[in-house]
Amino acid sequence: MMTIRKCKTEDLAKVSILEEKLFTKPYSLKDLNYELNENPFSNFYVLLDESEVVGYLIFLITFNTSTIDRIAVDKKYQGKGNGQLLMNKMDEILSNKKLMMETCTLEVRKSNLIALNFYKKNKFKEVTIKPHYYDNGEDAIFMVKYYL
């Protein structure tokens with residue numbers, strides 16, 4: 001059974017392995033530790049299959065706005081609704097009326113059609129293109145989800 005909980009320091013080694021597998025410019029263990037233990041704006045959750053970390057989500061909350069920093073699911077767990085579980089967790093948190101959340105933003109590679117469709121399904125709207133955003137020169141699509 002899949003569960004989601006706040007990330008713990010002992011999860012970071014597995015998250016780091018997933019970073020290496022899933023991203024062209026992965027966060028280092030030091031970066032991940034910063035997000036977990038030092039960044040006061042960071043919300044860091046892991047997706048577990050039993051006790052194994054198979055996905056994670058890092059999003060930042062600054063006043064009444066949020067930004068998805070990372071969302072990732074191990075390849076063998078993709079296409080089975082697991083990314084949606086992470087997105088639902090974030091929405092549950094951001095929908096809390098006490099936060100008075102207005103928006104959540106993200107950047108996604110223009111070529112990443114699976115992610116683009118996933119975000120659109122989750123009510124993110126394309127706002128603009130950020131030319132040459134990524135190290136390889138690829139454009140990013142800047143997307144926003146409105147909560148108010």
Exercise for review: Group every Ile, Leu, Val, Met, Phe, Trp and Tyr by side-chain heavy-atom contacts under 4.5 Å, then state whether Ile141 and Leu113 land in the same group.
Suggested key: yes

Check your understanding: Nearest 0.5 Å, what's the CG-CG distance between Asn64 and Leu94?
Key -> 11.5 Å

**Study point:** Any Ile4 side-chain heavy atom under 4.5 Å of Val46 side chain
**Key:** no

Review point. Could you state the interatomic distance from CG (Asp11) to CG (Leu18), rounded to the nearest 0.5 Å?
Key: 10.5 Å

Check your understanding: Do other residues, nucleotides or ligands put more than 12 heavy atoms under 6.0 Å from Ile114 CD1?
Key -> no

Check your understanding: Are Leu48 and Tyr45 connected in the hydrophobic side-chain network, where two residues link if heavy atoms are under 4.5 Å apart?
Key -> no

Exercise for review: Determine yes or no for a side-chain-to-main-chain donor-acceptor pair under 3.5 angstrom, with Glu102 supplying the side chain and Tyr147 the backbone.
Suggested key: no

Check your understanding: Looking only at atom types and distance, does a side-chain atom of Gln78 sit under 3.5 Å from a main-chain N or O of Val73, one as donor and one as acceptor?
Key -> yes

**Study point:** Atom pair NZ (Lys6) and NZ (Lys89), whose distance is rounded to the nearest 0.5 Å
**Key:** 8.5 Å

Point to revise | Atom pair CD (Glu107) and OG1 (Thr67), whose distance is rounded to the nearest 0.5 Å | key: 7.5 Å

Review point. Are the side chain of Thr62 and the backbone N or O of Thr65 linked by a donor-acceptor pair below 3.5 Å?
Key: no

Point to revise | Minimal non-hydrogen separation, Met90 against Cys104, with atom names | key: CE-SG, 3.8 Å

Review point. Would you say Ser66's side chain and Leu60's backbone share a donor-acceptor pair under 3.5 angstrom?
Key: yes

Practice item. Answer whether the closest heavy-atom distance between the side chains of Tyr119 and Lys125 falls below 4.5 Å. Key: no

Review point. Taking side chain as C-beta onward, heavy atoms only, is Leu47 less than 4.5 Å from Thr3?
Key: no

Review point. Roughly how far, to the nearest 0.5 Å, is CD of Glu126 from NZ of Lys120?
Key: 4.0 Å

Revision key, fill the gap. Rounded to the nearest 0.5 Å, the CD atom of Glu138 sits from the OG1 atom of Thr24 at a distance of 8.5 Å

Point to revise | Atom NZ of Lys14: over 12 foreign heavy atoms under 6.0 Å | key: yes

Exercise for review: Mind telling me whether Tyr56 and Phe44 have parallel, tilted or perpendicular rings, with 30° and 60° as the class edges?
Suggested key: tilted

**Study point:** Within-4.5 Å side-chain heavy-atom neighbours: Ile61 and Leu99
**Key:** yes

Point to revise | Residue pair Asn88, Gln84: steps toward the side-chain hydrogen bond (donor to acceptor under 3.5 Å, both in side chains) verdict | key: CA-CA 6 Å; Asn88 292 349; Gln84 191 62 53; 2.8 Å; yes

Practice item. Please determine if Lys130 and Asp139 form a salt bridge, counting it only when a charged side-chain N lies under 4.0 Å from a carboxylate O. Key: no

Review point. Counting only N and O atoms by type, is there a donor-acceptor contact under 3.5 Å from the side chain of Asn112 to the main-chain atoms of Val108?
Key: no

Review point. How about Val127 and Met143: do any of their side-chain heavy atoms sit closer than 4.5 Å?
Key: no

Review point. When hydrophobic residues are tied together by side-chain contacts of less than 4.5 Å, even through go-betweens, does Phe118 share a cluster with Phe142?
Key: no

Practice item. Can you see which heavy atom on Met101 is nearest to which on Leu148, and at what distance? Key: O-CG, 3.5 Å

Practice item. Can you see which heavy atom on Cys7 is nearest to which on Leu12, and at what distance? Key: SG-CD2, 3.9 Å

Check your understanding: So, Asp69 side chain and Ile58 main chain: donor-acceptor pair closer than 3.5 Å or not?
Key -> no

Check your understanding: Is a side-chain donor or acceptor of Lys145 paired with a backbone partner of Asn122 at a separation under 3.5 angstrom?
Key -> yes

Review point. Same cluster or not: are Phe124 and Val144 linked, directly or through other Ile, Leu, Val, Met, Phe, Trp or Tyr residues, by side-chain heavy atoms under 4.5 angstrom apart?
Key: no

Practice item. May I have the step-by-step check of side chain to side chain contact (heavy atoms under 4.5 Å, CB included) for Ile93 and Phe59, ending in yes or no? Key: CA-CA 11 Å; Ile93 293 164; Phe59 63 99; 3.9 Å; yes

Check your understanding: Cationic tip of Arg70 within the cone over Tyr27's six-membered ring, i.e. under 6.0 Å and within 45° of the normal?
Key -> yes

Review point. Taking all atoms of both residues into account, what is the closest heavy-atom pair of Leu86 and Leu57, and its distance?
Key: O-CD2, 3.4 Å

Point to revise | Worked verdict on Glu19 versus Asp31 for side chain to side chain contact (heavy atoms under 4.5 Å, CB included) | key: CA-CA 11 Å; Glu19 273 285 310; Asp31 296 331; over 6 Å; no

Check your understanding: Does one hydrophobic cluster hold both Leu29 and Val15, with members joined at side-chain heavy-atom distances below 4.5 Å?
Key -> yes

**Study point:** Arg109 NZ/CZ over Tyr134 ring centroid, <6.0 Å and within 45° of normal
**Key:** yes

